[in-house]
**Q** 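Below you will find the structure I want to go over with you.
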There are 2 protein chains.
Amino acid sequence: MNKPEPPPKQATRIQKKNRRAILEAALQVFSAHGFRGSTIDRIAERAGLSKPNLLYYFPSKDAFYLAVLEDTLEEWLRPLRDLDPAGDPIVEIGGYIAAKLEMSRTRPEASRLFANEILHGAPAIGEFLAGPLKALVDDKAAVIAAWIAEGRIRAIDPRHLIMMIWAVTQHYADFNVQVEAVLGDDAAPARRFKEARATVIAVVLEGLRPRH
Amino acid sequence: MNKPEPPPKQATRIQKKNRRAILEAALQVFSAHGFRGSTIDRIAERAGLSKPNLLYYFPSKDAFYLAVLEDTLEEWLRPLRDLDPAGDPIVEIGGYIAAKLEMSRTRPEASRLFANEILHGAPAIGEFLAGPLKALVDDKAAVIAAWIAEGRIRAIDPRHLIMMIWAVTQHYADFNVQVEAVLGDDAAPARRFKEARATVIAVVLEGLRPRH
DNA sequence: GCCAAACTTGACTGATTGGTCAAAATCAAC
DNA sequence: GTTGATTTTGACCAATCAGTCAAGTTTGGC
């Protein structure tokens, strides 16, 4: 009925090492070229393995892709999960922006992987978006709404605020080529991210701080 | 030496009609599937022509792609060009945000076409970004810097402000699937864009307005 | 050292797809 | 309507690429 599935009971040492290498290589290749633009051969080359060997660990190209997405999703959402309802709104939201920007700087491939997936209609993670992700956003939007109700930040639509923050922070990863081209490469990346953080945090937080 | 290039002197009636149909079809297909994910056959089908017929009008797949990009670029940048140095900063920037959001709503394919191109390193329009686009941004950043110098808006990095506005407005086109999934499809698109505009304009403009 | 399980690979297949070409159909000017 | 230029297409080619397979090599427990 079913094939003897590579990991029958426990992952062996070699399996662990190779799966890790494959997922890392797949992330690099998929994020750089998109799903259709990536080839198994290229991932194999990058992972230092042969193509049939990759297909020994994962049954198909789709399987690589799905595995990489799953592997990266949790990490990607952690900053939002960490938004603390008990904290100070300005500190929490500022910290969230900083954390997302930092992630865009250190792990741009992950951002680009999702960007490409969603840009093309999220064929692989559509249900995830409408399910767990929506749930998380609803949850955190409620937190923000509570802050508004307490008069601690100005009254704006919390879910669109979250969209704004995603948009701005991920922009620096997804469209890095454009950012570099437009800003000039005279500014080192680290410096550029500092400027970005200062600007984004200044505008958004000042836009949220209530007038008295 | 060179092939007899389809348009020898003047574009004929049929040429005009078919070129237009091809570019429109190519925009739809390229923006939906990316360059690698698109096939000439698919563009042909959408344009109501045969594949060899498409290749009679453009010499290669790259040529379609380049033509569509060029065809769309000017329109895409117009709102920024229209930013008026003589106007009121809050009105001008608010208007710019509204115009970009409106464009994301009415022409999301154009936005996704560029998003995909830039996401993958802007192989086709790299020099454009570093040339004319940078020049335009530098120009408008100077306008904003002047407003800051006059104390009419708060002191933030003008070029990162432009990045922010691009990021937020284009997000609603590029990642529309995610926005819909997360916000729930109960809200009609038109309504969603109104909410987005209200939120973005409120946060950004309030973040820019000088304190007294 | 032996052996079964785990791992690896060269050589292949079939489907897709960018692009060609020669012949056919259509158009436009007279 | 004749004719030359323009437009259209079916059939084809070559390259690319996902996935297979049977035969090899390595590993790990004994």
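Just so we're on the same page: letters track the sequence lines, and every chain starts at 1.
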**Q** Taking only residues two or more places apart in sequence or in another chain, which ones pass ring-ring contact (aromatic ring centres under 6.0 Å, His included) with Phe35(B)?
**A** Phe30(B), Tyr65(B)

**Q** Rounded to the nearest Å, what distance is computed from the CZ atom of residue Phe58(B) to the C1' atom of nucleotide dT20(C)?
**A** 19 Å

**Q** Pull out every residue in residues 60-69 of chain B that has a heavy atom closer than 4.0 Å to any atom of DNA chain C, ordered by number, or say none.
**A** Ser60(B), Lys61(B)

**Q** Once you round it to whole Å, what is the distance between P of dC7(C) and CD1 of Ile22(A)?
**A** 11 Å

**Q** Among pairs that include at least one residue of residues 41-54 of chain B, which meet side chain to side chain donor-acceptor pair (under 3.5 Å), considering only residues two or more places apart or in two chains?
**A** His33(B)-Arg42(B)

**Q** Starting at atom CG of Asn18(B), determine the distance to atom C1' of dT26(C), rounded to an integer number of angstrom.
**A** 13 Å

**Q** Cut-off 3.5 Å, no hydrogens considered: what does the side-chain donor-acceptor table look like for residues 122-130 of chain A, sequence neighbours left out?
**A**
none

**Q** Show me the donor-acceptor pairs within less than 3.5 Å that the side chains of residues 173-183 of chain A make with the rest of the protein, sequence neighbours left out.
**A**
from      : atom 1 : to        : atom 2 : distance (Å)
Asp174(A) : OD1    : Ser111(A) : OG     : 2.6
Glu180(A) : OE2    : Arg192(A) : NH2    : 3.4

**Q** On the nucleotide dA6(C), are OP1 or OP2 found under 4.0 Å from the side-chain N or O atoms that Gln15(A) carries?
**A** no

**Q** Could you check which residues of residues 28-53 of chain B get a heavy atom under 4.0 Å from DNA chain C? Sort them by number, please.
**A** Ser38(B), Thr39(B), Ile40(B), Lys51(B), Pro52(B)

**Q** Would you say dT7(D) has OP1 or OP2 under 4.0 Å from some side-chain N or O of Tyr56(B)?
**A** yes

**Q** Which of the following nucleotides, dT27(D), dC27(C), dT7(D), is nearest to the side chain of Ile14(A)?
**A**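 From the listed options, dT27(D) comes nearest.
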
**Q** How many angstroms lie between CG in Leu49(A) and OH in Tyr57(A), if you round to the nearest 0.5 Å?
**A**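 Between Leu49(A) CG and Tyr57(A) OH, I get 7.0 Å after rounding to 0.5 Å.
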
**Q** With side chains defined as the heavy atoms from C-beta onward, is the minimum distance between Phe114(B) and Thr72(B) less than 4.5 Å?
**A**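 They are in contact (side-chain heavy atoms under 4.5 Å apart), so the answer is yes.
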
**Q** Would you find a donor on one side and an acceptor on the other, under 3.5 Å apart, between the side chain of Lys140(B) and the backbone of Arg81(B)?
**A** yes

**Q** Where the side chain of Lys100(B) meets the backbone of Val168(B), is there a donor-acceptor pair that is under 3.5 Å apart?
**A** no

**Q** Nearest to the side chain of Leu55(A), heavy atoms from C-beta on, is which of dG19(D), dT20(C), dC7(C)?
**A**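 For Leu55(A), the side-chain atoms sit closest to dG19(D).
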
